[in-house]
Amino acid sequence: MTLLRGAALALFLFSNANAQSISGFTAKSATRETEIESKFKSVPSPDEVRRQHRIFTQEPHVAGSKRNNQLAEYIRDEWKKQGLEDVIIRRYDVYSSNPKSTSLEMIAPTQYQAGLRESPLDADPDTKNPAISSAWLGMSISGEVTAPVVYAHSGNPEDYDLLRKNGISVKGKVVLVRYSNPYSYRGFKALTAQREGVAVLLIYSDPAEDGYKQGKVDPDGPWGPEYHIQRGAITYDFMVPGDPQTPGWPSLPGAKRIPIAEAVSAPKIMALPLSWHDAKPLLENLDGPVAPDNWQGGLPIQYHLGGERVKIHLKIEMDNGTQPYYVVEGRIRGSDLPDEWVVLGNHRDAWVFGGVDPSSGTASMMELTRSLGELKKQGIRPRRTLVICSWDGEEVGLTGSTEWGEQFASDLRTKAVAYINVDEASSGPNFHGQAVASLAPMLAETTRSLQDPSGKSLYDAWKATVERERAEGKQTGQMNDSGIASTTLADTRIGSGSDHTVFLNFIGMPVIGLQFDGDYGVYHSAYDDFYWMNHFGDPGYRYITLMSRLWGVTALRLANADLLPFDFASYASNVRQFIDELTKGRDMSQLDLTAVRREIENLENAGKQLNETVSRKLASGAIDAKAATELNRGMMQVERNWLNPDGIPGRPWFKHILYGARYTYAHLELPGLAEAVEKQDWPTAKQQAEILQRAIETNTKLLQHLAQEK
Ligand SMILES: [Zn+2]
């Protein structure tokens, strides 16, 4: 009893102490916000999250499938019950590619028929489900080929260079590559192979990367077993995401569509994924030179480059055409500022059951919306509108979010405060938070108010993870001589590969991405399911539940703030760091960035001035509604000003000049400038530097204007 009372008192003191300092809130609003947040945080329950997770992982639910569409209706109905408003299912008719049949047979030097199937595990009844698909890759073309096999390591351009040096041609052949660790998007492997004239790309999961060389495999551990197949799409969505036939406009029923042959994001190559079980017979029969040491994998064989001896016969029949995808949209209308939106989203479609990807995120979202609904039932509405979406076809080409974003681009450019994405909520206990640099401090501050299952604050747990991973060299970038401060904790280097892409790169919205991860070797396979989550990923559903809380508190702070908690001084110092990293160790004699650097200095000063103005206004306790609106609207405009309507060279859809992605999905800062500098294309680099300089100037002027006391 005493203990309990002590705990309650401590909690009370803690929350009051906390209430004094929430960025963007006056003291009075912070007290109220703290009350709202503690009510909100008390709702999510691991049992409920687990119950939802079971519903979403019950059956395979790939994009466009009947089951995935039923789940859209289920979400719609649940959201209505939970109290969400304006709940609607939006339909997009998009180009799709589903497998009709796939087969692979080695015909020389011996015969082997690949199973292309994942064998069931006795411990995990879901793996016996007859609806589990065989091996396939989304957006592969159809065809039939008989050709010799070459091993090309990870299938990156430098791997083909090495093959060339060894006199091995890949033209018209089958190239066998492995999925790589660290992650490199399979679509880049496909494009590279296509450019090399390869007939078929086979991508297999080597045990060195996500299998027994890493640790115990499913059902005894989190790593991928012998038969696991990493499905996925090979869409060239790094060129333009979404429906390949409607680049830049929404695929509403009846929309104009370009021919698929002209679509730059549609691959023109056959591709198939393999388990290591099916890749091994090919690998162990390859002739040719022994592959270099760093090409050797985790199988107990010597890897050769191949080229002649192993021949396969392969047939892929795809079903292509337009198919409806469904985005579920709901909202809680803001009490004071209904036309300012905080947008939240998670994709629903999964390659199979989607235990981690995405159903951990979907379960987390359902618990988030239930908790927001509870607040609303208690009469507590956010000041700004929360828009919540369940995306479809993320796995195919970031499709649902892209089409929705393209449809509502002009609304979003006027109204949106930020987008918060959760794809995989948890594959383990390690928190990773991403944010555009202006929201990085706010995200770090938010994690201080949440408790990690380890007993620490989420902030401390996060910091420990970042420190450990940097020491292990797993996290590069964002290194800072002054160590890890709250302003540098969030990863401000944002690439592609999930649904934030349209919002950041096309619309110019600040984005945040939240995820817990851990050892996870069953990605996109049939083994990524309910059993896996309950034994390895998050057995007590504590992290997925914490995700509901974190996602909600972050959204509520953005929705309720008196003055939006953007830190543009932090943005400026990040941009300086991006420039430093780009120019470090490079001969930059052909490009003078002095003016850009001077503009960054000005931006930083203006950001500091604005921070001071905002602090003074918040400290005064009374903020004139009209002045607040002007300030907030102005701050919302900053991200929009980072867009160049022409896009980055060669990729007009990607309009953000600070953030982009490489073809591998890896983050790429100052994309237009960086790609030109890397190619030593100095005229383009100069032009891109001028675009950057002008955008910084525009934002500096905006911030200076906003910083003036009125
Ligand atoms: Zn996902």
Side-chain angles (χ1 to χ4, degrees), residues 52-53 56-57 60-65 67-68 71-72 75 133 137-139 179 183-187 210 224 228-235 237-238 241-242 273 325-328 344-366 368 389-405 419-428 432-434 494-504 511-518 520-530 532-533 537-538 543-544 547 551 661 664-666:
Q52 289 287 359
H53 188 247
F56 286 97
T57 57
H61 52 288
V62 77
S65 66
R67 174 64 181 178
N68 199 42
L71 288 174
I75 292 173
S133 68
L137 291 173
M139 295 285 175
Y179 278 110
Y183 184 76
S184 163
Y185 175 52
R186 68 191 82 70
D210 62 3
H228 84 283
I229 298 164
Q230 186 192 131
R231 296 161 189 75
I234 56 166
T235 316
D237 54 15
F238 40 78
Y325 281 6
Y326 297 100
V327 169
V328 194
L344 287 66
N346 158 264
H347 73 90
R348 183 178 69 253
D349 62 305
W351 284 107
V352 189
F353 301 105
V356 171
D357 182 9
S359 302
S360 63
T362 314
S364 179
M365 178 182 71
M366 297 310 285
L368 163 79
C389 293
S390 164
W391 310 122
D392 201 350
E394 185 272 352
E395 296 291 2
V396 183
L398 316 176
T399 309
S401 57
T402 301
E403 301 310 318
W404 189 88
Y419 173 68
I420 313 174
N421 192 55
V422 174
D423 186 322
E424 304 168 1
S426 169
S427 60
H432 284 271
Q434 284 197 320
I494 303 172
S496 184
S498 195
D499 291 306
H500 60 276
T501 305
V502 69
F503 301 107
L504 178 64
V511 300
I512 290 177
L514 308 171
Q515 182 174 350
F516 288 92
D517 64 25
Y520 176 40
V522 297
Y523 172 69
H524 287 186
S525 77
Y527 305 110
D528 181 10
D529 67 356
F530 188 67
W532 191 93
M533 184 58 73
D538 186 11
Y543 290 92
I544 305 178
M547 181 59 84
W551 199 356
T664 58
Y665 278 172

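The structure displayed is predicted, hence computed values, not measured ones. In each ligand, atom 1 is the first atom listed, and ligand 1 is the first ligand listed. We number each residue from 1, following the sequence as shown.
D528 and Y520 are linked by a side-chain donor-acceptor pair at a separation below 3.5 angstrom, with hydrogens and angles left out of the test. Using a 3.5 Å distance cut-off with no hydrogens or angles, the side chains of N68 and Y326 do not pair a donor with an acceptor. T501 and S496 share a donor-acceptor pair across their side chains, judged by distance under 3.5 Å alone.
Partner Y419 forms a ring-ring contact (aromatic ring centres under 6.0 Å, His included) with one of W551, W404, F503 and no other, that one being F503. Applying side chain to side chain contact (heavy atoms under 4.5 Å, CB included) to D538 and the options F516, Y543, W532 leaves one that passes, Y543.
Nearby protein atoms of type N, O or S around the Zn ion (ligand 1) amount to 4 (distance under 2.8 Å).
Shown here are the side-chain hydrogen bond (donor to acceptor under 3.5 Å, both in side chains) partners of Q515, two or more places apart in sequence or in another chain: E424.
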